[in-house]
Amino acid sequence: MNEQSNKNIGIEGEDYYYTPEGYKCFTEKHHLKRGYCCKSGCRHCPYGFDKKTGTLKK
């Protein structure tokens with residue numbers, strides 16, 4: 001069961017990286033693979049979500 005869960009996480013350095021504070025940060029490539037915006041205001045959001053207005057820019 002763990003193997004299936006780990007497959008969805010992606011590849012470190014390609015789909016995500018760790019910030020200096022130790023948080024996992026997903027890349028634009030990961031977001032595009034997922035296929036939709038989660039509307040959490042992600043750092044590398046390719047969909048252009050603006051957390052302040054709650055709208056998509058693109």
Side-chain angles (χ1 to χ4, degrees):
M1 190 164 153
N2 265 348
E3 286 183 32
Q4 288 178 344
S5 297
N6 290 337
K7 288 180 183 178
N8 294 332
I9 293 174
I11 302 167
E12 185 174 356
E14 185 176 314
D15 292 315
Y16 67 92
Y17 62 90
Y18 288 98
T19 66
E21 298 81 21
Y23 295 105
K24 187 182 287 186
C25 185
F26 291 104
T27 63
E28 181 177 1
K29 183 175 182 177
H30 171 78
H31 292 295
L32 290 171
K33 279 185 189 178
R34 186 175 55 199
Y36 64 91
C37 181
C38 65
K39 298 183 180 175
S40 295
C42 300
R43 183 180 293 179
H44 301 290
C45 180
Y47 303 104
F49 181 73
D50 184 353
K51 199 170 184 178
K52 291 180 184 177
T53 63
T55 59
L56 294 172
K57 294 178 186 175
K58 293 182 183 179

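These figures come from a predicted structure and were not determined experimentally.
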Is there a side chain to side chain contact (heavy atoms under 4.5 Å, CB included) between Glu12 and Tyr18 once you walk through the steps? CA-CA 8 Å; Glu12 185 174 356; Tyr18 288 98; 3.4 Å; yes
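- Of all the heavy atoms in Gly41 and Lys51, the pair that sits closest is CA-CD, 4.2 Å.
- Distance check: Arg34 CZ to Cys42 SG gives 6.0 Å after rounding to the nearest 0.5 Å.
- Residue Lys24 qualifies as enclosed at atom NZ: its count of foreign heavy atoms under 6.0 Å is above 12.
- For Thr19, the side chain to side chain contact (heavy atoms under 4.5 Å, CB included) partners two or more places apart in sequence, or in a different chain, are Tyr17, Glu21, Tyr23, Cys25, Arg43.
- Contact record, Cys37 with Phe49: SG-CB, 3.6 Å, taken as the closest heavy-atom pair.
- When side chains are defined from C-beta on, Phe26 does not count as touching His44, because their heavy atoms never get closer than 4.5 Å.
- Scanning for salt bridge (charged side-chain N to carboxylate O under 4.0 Å, His left out) contacts around Lys33 gives Asp15, with sequence neighbours left out.
- Taking SG from Cys45 and NZ from Lys39, the interatomic distance works out to 10.5 Å, rounded to the nearest 0.5 Å.
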